[in-house]
Amino acid sequence: MANESHLLAIDVGSSRVKLGWFPAAGACEGEKPASLPIAATPLAIPAEVFRIEHRDRSAEEWTAAVDACFLALPPTGEIVCVVASVHRGIAEKLITRLQLRPWKKLLSLRAADLPLTVNVAEPEKVGIDRLLGALAVNQLRRQNSAAIAIDMGTATTVDLIGTDGAFEGGAIVAGPTLALAALHAGTASLPQLDASILAAPPAAVGKSTIEAMASGAYWGAIGAVRELSQQLAFGCADQPQLFVTGGGSAGLAPFIRLGDQPARYLPHLVLSGIRLAAERLVAS
Ligand SMILES: Nc1ncnc2c1ncn2[C@@H]1O[C@H](COP(=O)(O)OP(=O)(O)O)[C@@H](O)[C@H]1O
Ligand SMILES: CC(C)(COP(=O)(O)O)[C@@H](O)C(=O)NCCC(=O)O
Ligand SMILES: [K+]
């Protein structure tokens, strides 16, 4: 940020709270280039990330885990804390907890705070994670090229960002872990499978119930994202660039592409979006 404060960016999702630590003084400026010829981008990435599951856990359990994160942070300097949430109940509990600490500022983000044009009738109803992803993508996409932001969390969202950088809307579909849970809940004999089956590509031809479910969850998630991206791209003059993020995406990202163009995997897109929004809010 333009000042000397550290930033703690907090993304409250449907299943997990993600905390991203951005030290002051430019220590985390620029994404680390994968190899020398690739120029650094202007998108800051967190120096440290903590992920805390809140779904299916008591408030005591997950807030204790949040407290433990604070012990891991350097106890130095002024800290601005910015929260973005798609889960009001969890965010309220979290903010009550955060208010006990001496932040320089404690802010909660809304759509209107973001330097982003949102071309839908009710911008405040769009998940702030979707908007923050679009904001971060605007730092990375080619000028005059549309982009598609894919966030594979509890839900998978596939959103179009226009050539002018506006969020145009998109699609929401159940994420693969949620789809697996729904298969277990909605049938008599399908077992509950762990999300870890999504870590690597399974055989498409499942030879057991579990293998068939793994195939459906994994290749089905990739197929849904591919078709949705194609549908969103139909209205674009040129092929949009693809960016993929979300806790469920690490094992699937290598197979996500549009035509011959692979998606760029950015594990902390939403946290980087919070960083961009915070920069503007703290300066104003
Ligand atoms: N190793 C993994 N492989 C696949 N999915 C995973 C893995 N770890 C977590 N997930 C899934 O990622 C989702 C959580 O991702 P996250 O982006 O934090 O979601 P949210 O923002 O909805 O809380 C959950 O559905 C979880 O089951
Ligand atoms: C679609 C979402 C549930 C995705 O969040 P996630 O599951 O990744 O935590 C979230 O963006 C949300 O609650 N959106 C509100 C509705 C909307 O975006 O239109
Ligand atoms: K999502």
Side-chain angles (χ1 to χ4, degrees), residues 9-20 46 49-57 62 65-66 83-91 94 109-111 114 116 118-137 148-161 167-185 192-202 213-214 216-222 224-225 228 243-256 265-274:
I10 306 186
D11 166 22
V12 181
S14 304
S15 301
R16 303 195 296 186
V17 178
K18 278 77 63 184
L19 300 94
V49 177
F50 306 91
R51 300 174 185 85
I52 296 160
E53 191 91 28
H54 63 72
R55 207 155 167 252
D56 306 326
R57 286 175 94 187
W62 71 260
V66 170
V83 180
S85 170
V86 299
H87 194 310
R88 192 191 293 176
I90 295 293
L94 178 67
L109 285 179
R110 302 176 60 216
L114 310 187
L116 182 75
V118 182
N119 281 335
V120 305
E122 298 184 283
E124 290 292 340
K125 293 198 174 161
V126 179
I128 193 97
D129 54 349
R130 299 171 65 193
L131 301 181
L132 288 162
L135 188 62
V137 158
I148 292 175
I150 299 159
D151 187 337
M152 306 182 85
T154 311
T156 294
T157 52
V158 184
D159 289 315
L160 182 66
I161 296 111
F167 174 91
E168 296 292 345
I172 303 173
V173 61
T177 309
L178 187 59
L180 284 169
L183 284 174
H184 173 60
Q192 179 61 61
L193 298 193
D194 191 83
S196 59
I197 61 130
L198 300 164
M213 289 173 71
Y218 188 97
W219 297 114
I222 289 166
V225 164
L228 289 169
F243 297 89
V244 63
T245 192
S249 65
L252 291 85
F255 292 95
I256 297 176
Y265 171 58
L266 297 147
H268 310 305
L269 196 66
V270 176
L271 292 172
S272 295
I274 296 177

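Numbering of ligands and ligand atoms starts at 1, following listing order.
A donor-acceptor distance shorter than 3.5 angstrom exists from the side chain of His87 to the backbone of Ile90, with no hydrogens or angles considered. Listed for the Arg57 side chain is a donor-acceptor partner under 3.5 Å among the backbone atoms of Glu53. Side-chain atoms of Trp62 do not come within 3.5 Å of backbone N or O of Val17 as any donor-acceptor pair. The main-chain N or O of Gly251 is found under 3.5 Å from a side-chain atom of Tyr218 such that the two form a donor-acceptor pair. A donor-acceptor contact shorter than 3.5 Å links the side chain of Thr245 to the backbone of Leu266.
Atoms of ligand 2 lying under 4.0 Å from any heavy atom of Val126, numbered from 1 in the order shown and given with element: 17 (C), 18 (O), 19 (O). Here is the list of ligand 2 atoms found below 4.0 Å of a heavy atom in Ser14: 3 (C), 5 (O), 6 (P), 7 (O), 9 (O). Within ligand 2, the atoms closer than 4.0 Å to a non-hydrogen atom of Thr157 are 1 (C), numbered from 1 in the order shown.
In Ile128, neither the side chain nor the backbone holds a heavy atom less than 4.0 Å from any atom of ligand 2. Residue contacts with ligand 2 for Lys125 involve N, CA, C or O but no side-chain atom from C-beta outward (heavy atoms, distance under 4.0 Å). At a 4.0 Å heavy-atom cut-off, ligand 2 touches Thr154 through backbone and side chain alike.
Near the K ion (ligand 3), less than 3.4 Å away, sit the protein N, O or S atoms Asp151 O, Asp151 OD1, Ala155 O.
At the top of the distance list for atom 13 (O) of ligand 2, counting protein heavy atoms only, stands Val86 CB, 3.8 Å. Closest protein heavy atom to atom 7 (O) of ligand 2: Ala155 N, 2.9 Å. Nearest protein heavy-atom contact of atom 8 (O) of ligand 2 is Asp129 OD2, 3.6 Å.
Polar contact check, Gly13 against ligand 2: no nitrogen or oxygen pair lies under 3.5 Å apart. Close N/O approach between Asp151 and ligand 2 is not found [any backbone or side-chain N/O within under 3.5 Å]. For a threshold of 3.5 Å applied to N or O pairs, the pair formed by Arg130 and ligand 2 contains at least one separation below that value.
The CZ atom of Arg51 sits 10.5 Å away from the CG atom of Asp11 when rounded to the nearest 0.5 Å. Taken to the nearest 0.5 Å, the CD1 atom of Ile161 stands 8.0 Å off from the CD1 atom of Ile148. Atoms NE2 and CG, on His184 and Leu193 in that order, are 9.5 Å from each other to the nearest 0.5 Å.
Applying the side chain to side chain contact (heavy atoms under 4.5 Å, CB included) test between Ile172 and each of Thr157, Val158, Asp159 identifies Thr157 as the sole match.
With a 4.5 Å cut-off on side-chain heavy atoms, Ser272 and Leu269 do not count as touching. Between Arg110 and Glu124, the closest side-chain pair of non-hydrogen atoms falls below 4.5 Å.
The minimum heavy-atom distance linking Ile274 with Ala9 is given by the pair CG2-CB, 3.5 Å. The shortest non-hydrogen separation linking Pro123 to Leu131 is O-CD1, 4.1 Å. For the residue pair Leu252 and Ile222, the shortest heavy atom distance occurs at CD2-CG1, 3.9 Å. Looking at every heavy atom in both residues, Ala91 comes nearest to Val12 through N-CG1, 4.3 Å.
Ligand 1 is surrounded by Gly13, Ser14, Ser15, Arg16, Lys18, Gly153, Thr154, Thr177, Ala195, Leu198, Gly246, Gly247, Gly248, each with at least one heavy atom closer than 4.0 Å.
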